[in-house]
Undergrad: 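One structure coming up, written as C-alpha cells, with questions to follow.
We name chains A, B, ... by the order of the sequence lines, and we start the count at 1 in each one.
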Amino acid sequence: MTNSQIAETLEEIGDLLEFKGENPFRIRAYRNAARAIKNMADGAADIIGSDDRELTDVEGIGKDLAEKIATLIATGQLPLLNDLRAEVPRGVRAIMRIPGVGPKKAARLYQELHVKTLSELRHACEREKVRNIAGFGAKSEQKILGGIRIAASADERMYWARADEIAQRLREHLTSVSAVKRLEIAGSYRRGKETVGDLDILTVAEAAAPVMDALADFPGVVETIARGETKMSVRLEGGLQVDLRVVPAEAFGAALQYFTGSKEHNVAFRKRAKDRGLKVNEYGVFKVKGGADGNEADDPGASIAGAEEADVYAALDLPLIPPELRENRGEFSFASQEDIPTLIETDDIRGDLHLHTTASDGRNSLREMIEAAQAHGLAYIAVTDHSKRVNVASGLDAVRLRKQWAEIDEIRPTLPEGFYVLKGVECDILEAGGMDLPDDVLAEADWVIASVHFGQNQSKEKITQRIIGALENPHVAILAHPTGRLINRRDPYEVDLDEVMAAAKEHHKMLELNANPARLDLNEIYCAAAKQRGIPVVISTDAHSVEQYANMRFGVIQARRAGLTKADVANTKTFKQFEKTLKKTRRVV
DNA sequence: GCCGTTTTCGGCCCGACTGTTTTCAGTCG
C-alpha cells in the first residue's frame with residue numbers, strides 16, 4: 001500500500017468523523033497524519049518493516065495512528081473506517097465538497113431529506129425542498145445547484161503554468177487601475193505548487209470599489225460569489241475562483257504572509273508568535289498584554305510589524321522564508337539556524353539536456369532547436385530523440401541515430417565559441433528489461449537518457465529492476481521522468497524510488513526533474529531526497545518545440561520547493577564542469 | 001488523536017462574509 005493510498009484513507013476517516021460532528025481536534029489529527037504520510041519520501045510500509053525506525057518518529061503520528069496505519073498496511077483495511085462507512089452514506093463526502101456546504105449542512109440535509117448523493121441533492125433543490133430546512137433558504141438552494149458541478153470536478157486543480165497565464169493577465173488588468181498602489185498574487189500560486197486551486201490577489205488601493213469593479217469586468221468572469229468591504233470572490237470560466245482582498249498599506253506585508261500560506265506554515269508561524277508573547281493576524285504582529293499566556297485582552301493598535309513581509313518574519317526572529325518553502329516541512333528549523341538555502345533561479349541554468357527534433361516527435365528541426373537554444377541564452381544542449389521502441393513517435397534506430405549524430409558533427413564547427421551540442425538519445429528501457437539500443441551504439445553517444453514509456457502497469461519489483469538495470473549500464477547518464485506520472489491524468493507507476501536512488505548513487509547517475517508542467521517529475525519530495533543523498537539533479541524541458549525551452553522555469557520552481565540550490569543541479573554548471581560530472585556516470589562500479 | 005525542560009492534562013490559529021438570523025452559526029481560507 002502506497003503512502004498516498006494511506007493518506008487518502010486517513011483523509012476519508014477525517015471527513016467521515018467531521019460529518020458525524022466528532023471532536024474537531026481528533027479530526028485534525030487524522031488530517032495532519034494524512035499530510036505527514038504524503039510528505040514522506042520513504043514508504044510507510046518500509047519504515048514499519050525496518051529495525052531502526054518507527055512511524056511514531058514522524059511528527060503528527062502517535063501510538064494510536066501508528067497502530068492503525070500498521071493494521072491498514074497488513075490487512076488492507078481498518079475496522080474504524082469500515083464502521084464509519086457503514087454509518088455514513090457514501091455520497092456525503094462529495095456533498096461536503098460543494099462550496100458553502102460543510103459537515104453541518106451536509107448532516108442536516110441527510111437528517112431532514114435523506115439526501116446522500118450529489119444527484120439526490122440536485123433533485124431536492126430542483127423540487128425546492130431544501131429551502132424549507134432551517135438554516136437554508138432559496139438562495140442557498142440556487143448556490144448548491146451551481147456548486148454541484150464544481151464538487152463533481154473539485155479534485156481537478158489547474159497546472160501552475162496555466163494558472164500563471166491567468167495570473168499574469170489579472171495582474172496586468174488590475175494594476176492598470178489607478179487606485180491600485182500595490183498588488184501581489186499570494187496563495188499556492190506564489191508558493192509555486194504544481195497545481196493551483198484558486199488565485200488570491202492582495203492589493204493596497206486608495207479605494208476598494210474601483211478595484212472590485214475592475215475585477216468584475218475582467219474577461220472570463222462568470223459569477224461574483226461574494227463582495228464585501230474588503231473582500232471579493234469571483235469565478236472564471238472553467239471554474240477557477242479568484243479572491244481579491246484590499247488591505248491597508250501598513251498591513252500589506254502581514255496580509256501577504258497570511259494569504260501566501262500554506263495553512264500548515266501559518267499554524268506553525270502563529271504558534272511561534274504565541275510562544276513569544278505575540279499575536280499574528282493578517283493585519284500585523286501585535287504584542288499580547290499580559291505576556292505569553294494570552295489571558296488578558298489584546299492591545300489594539302500596537303502593531304510592531306505589518307507593512308513589509310520581511311519585517312513580519314523579523315518580528316518572530318526569522319529571515320524571510322522563500323514562499324516555495326512554506327509548507328511546514330522543516331523551514332522553521334532551517335530558518336532558526338540561519339541556514340535558509342539560496343534557492344536555484346532560472347538564470348542559473350546553463351544547459352538543457354532533454355529535447356526532441358522532427359527526427360522523432362519534435363515539431364522543429366535539429367537546426368531550429370540549436371538556434372533557439374542559443375537565442376534562449378543556453379550554453380549547451382543535448383539532442384535526445386526517442387529510440388526505436390517508441391514507434392508512435394517514430395523513434396530512431398541505430399542507422400537513423402548515427403545519421404543524426406553525423407549531422408551534429410557537421411554543425412559543430414559552425415557553432416559560436418562556448419556553445420556546445422551533445423549527441424544524445426532518450427533510450428527506452430524495454431518491457432523485459434535492457435536498453436532499446438545496443439551498447440556499441442550507446443557508447444558512441446555523449447549523453448544517454450534512460451526512460452520508461454512502456455510496461456508502466458508492471459509490478460513494483462519488475463519496474464524497479466528494469467530501472468536499476470538501466471542505471472547499471474555504463475553508457476546511461478540519467479533517468480528521465482523517474483515516476484512517469486502525469487498530473488491529474490496518470491498516477492506514478494509503482495516503483496521503489498528508494499532502491500532506484502540507492503542505485504543512482506552507487507553508479508554516479510543523475511536524476512531528471514522534468515520541467516513539463518504536466519510532469520514535474522521528480523516531485524519536490526523526491527527531489528529533496530535526491531539532494532539529501534547527493535545525487536545530481538538535472539532540470540530538463542523535454543522540449544518538443546522551440547517554444548518549450550521556456551518551460552524550464554516550471555522545473556526550477558519545483559526544484560525551489562524541494563530546497564535545491566544551484567550546486568544541487570548539474571545543468572547549472574559550466575560545460576567544462578558538467579563534463580566532469582558526466583564522466584563519473586561512465587565509471588563502472 | 002497528538003503533544004510536552006514550564007504541562008501526562010489541557011491545550012490545539014483566527015478573522016471575513018453569507019444567509020438567515022433577530023444576535024449568530026456555518027463555512028472558508
Side-chain angles (χ1 to χ4, degrees), chain A residues 10 13-14 17-18 21-36 55-69 80 95-109 130-144 147 150 154 186-189 191 197-202 208 212 224-233 241-247 251 254-255 257-275 278-286 288 291-295 298 300 328:
Chain A
L10 297 175
I13 292 173
L17 289 173
E18 193 174 34
E22 290 275 342
N23 175 0
F25 298 107
R26 184 180 176 213
I27 295 161
R28 188 188 296 174
Y30 276 93
R31 291 186 174 151
N32 283 343
R35 188 177 159 274
L55 265 185
T56 48
D57 298 340
V58 179
E59 170 107 21
I61 298 179
K63 190 163 160 288
D64 183 272
L65 277 170
E67 272 174 27
K68 287 201 169 74
I69 292 166
L80 170 65
I95 290 174
M96 287 192 285
R97 279 200 284 267
I98 297 171
V101 179
K104 298 275 163 38
K105 286 190 174 170
R108 195 164 297 157
L109 286 166
V130 172
R131 64 181 63 185
N132 299 324
I133 306 172
F136 293 83
K139 222 163 178 175
S140 33
E141 209 170 58
Q142 282 311 306
K143 280 200 76 159
I144 288 171
I150 296 161
S188 55
Y189 168 73
R191 301 201 311 279
D198 55 26
L199 291 174
D200 299 297
I201 305 174
L202 227 54
M212 293 187 174
T224 296
I225 300 164
R227 179 168 171 165
E229 291 290 304
T230 63
K231 185 189 160 184
M232 175 175 180
S233 295
Q241 183 172 327
V242 179
D243 296 335
L244 170 74
R245 288 179 175 83
V246 182
V247 303
Q257 194 288 320
Y258 181 83
F259 289 110
T260 296
S262 64
K263 204 166 134 197
E264 291 79 8
H265 176 87
N266 285 356
V267 167
F269 192 72
R270 281 159 182 253
K271 187 173 184 315
R272 189 182 170 97
K274 208 171 173 183
D275 293 344
L278 300 171
K279 188 183 81 165
V280 182
N281 58 26
E282 58 262 54
Y283 299 109
V285 183
F286 301 87
V288 178
D293 56 26
N295 282 337
D298 305 347
N328 196 24

Undergrad: Taking A:Glu18 as the fixed residue, which of A:Arg31, A:Lys104, A:Arg28, A:Arg26 is the one that meets the side chain to side chain donor-acceptor pair (under 3.5 Å) rule?
TA: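 Going through the options one by one, the only one that passes is A:Arg31.
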Undergrad: So what does A:Ala138 touch, heavy atoms closer than 4.0 Å: a base, only the sugar-phosphate, or nothing?
TA: sugar-phosphate
Undergrad: I want to verify a distance call: between B:dC13, B:dC12, B:dA16, whose nearest atom is closest to the A:Lys274 side chain?
TA: B:dC12
Undergrad: Base, sugar-phosphate, or nothing for A:Asn23, non-hydrogen atoms under 4.0 angstrom?
TA: base
Undergrad: What contact category does A:Lys63 fall into here, base, sugar-phosphate, or nothing, at under 4.0 angstrom with non-hydrogen atoms?
TA: sugar-phosphate
Undergrad: Out of B:dG19, B:dC2, B:dC14, which has the shortest distance to the side chain of A:Lys139?
TA: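 Shortest atom-to-atom distance from the side chain points to B:dG19.
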Undergrad: Would you indicate, yes or no, if B:dG1 has its OP1 or OP2 atom less than 4.0 angstrom from a side-chain nitrogen or oxygen of A:Arg26?
TA: yes
Undergrad: Go through B:dG15, B:dC13, B:dG19 for me and flag the one nearest to the A:Lys143 side chain.
TA: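 Selected nucleotide (nearest to the side chain): B:dG19.
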Undergrad: Got more than 12 heavy atoms from elsewhere within 6.0 Å of CD, A:Glu59?
TA: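 Incorrect, the count does not exceed 12.
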Undergrad: Does the structure show a Watson-Crick or G-U wobble partner for B:dT8, both distances under 3.5 Å? Name it, or say none.
TA: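 Base-paired to nothing in any strand shown.
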Undergrad: Using only side-chain N and O atoms of A:Lys105, determine if any of them is under 4.0 Å from OP1 or OP2 of B:dC28.
TA: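 Checking B:dC28 against A:Lys105, no side-chain N or O comes under 4.0 Å of OP1 or OP2.
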Undergrad: I'd like the C1' distance from B:dT20 over to B:dT27, given in whole Å.
TA: 14 Å
Undergrad: Could you check whether A:Ile61 gets within reach of a base, just the sugar-phosphate, or nothing at all, counting any heavy atom under 4.0 Å?
TA: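 Sugar-phosphate only.
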Undergrad: Does the side chain of A:Arg108 get closer than 4.0 angstrom to OP1 or OP2 of B:dA25 through an N or O atom?
TA: no
Undergrad: Going by modelled atom types, is there a donor-acceptor pair between the base of B:dG29 and the side chain of A:Asp243 at under 3.5 Å?
TA: no
Undergrad: Strictly below 4.0 Å: does A:Asn281 bring a side-chain N or O up to OP1 or OP2 of B:dG15?
TA: yes
Undergrad: Which is true for A:Phe259 with a 4.0 Å heavy-atom rule: it touches a base, it touches only sugar-phosphate, or it touches nothing?
TA: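 No contact.
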Undergrad: Quick check for you: among B:dC14, B:dT27, B:dG29, whose closest atom lies nearest to any side-chain atom of A:Asp198?
TA: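 When the side chain of A:Asp198 is considered, B:dG29 is the closest of B:dC14, B:dT27, B:dG29.
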Undergrad: Side chain of A:Leu65 only, please: which of B:dG29, B:dG1, B:dG15 is the nearest?
TA: B:dG1
Undergrad: Heavy atoms under 4.0 Å, any strand shown: does A:Leu10 hit a base, just sugar-phosphate, or nothing?
TA: nothing
Undergrad: Heavy atoms only, 4.0 Å cut-off, all strands: where does A:Pro24 land among base, sugar-phosphate and nothing?
TA: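 Nothing: the residue A:Pro24, judged by heavy atoms under 4.0 Å, touches no strand.
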Undergrad: OP1, OP2 of B:dG29 versus side-chain N and O of A:Lys231: anything below 4.0 Å?
TA: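 The answer is no; no side-chain N or O of A:Lys231 sits under 4.0 Å from OP1 or OP2.
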Undergrad: When you measure from the side-chain N and O atoms of A:Ser140 to the phosphate of B:dT20, is any distance below 4.0 Å, counting only OP1 and OP2?
TA: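 Checking A:Ser140 against B:dT20: at least one side-chain N or O falls below 4.0 Å of OP1 or OP2.
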Undergrad: Counting just side-chain N and O atoms, does A:Thr230 come under 4.0 Å of either OP1 or OP2 of B:dC17?
TA: yes
Undergrad: Does any donor-acceptor pair link the side chain of A:Tyr258 with the base of B:dG29 at a separation under 3.5 Å?
TA: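 It does, because a donor-acceptor pair links the side chain of A:Tyr258 to the base of B:dG29 below 3.5 Å.
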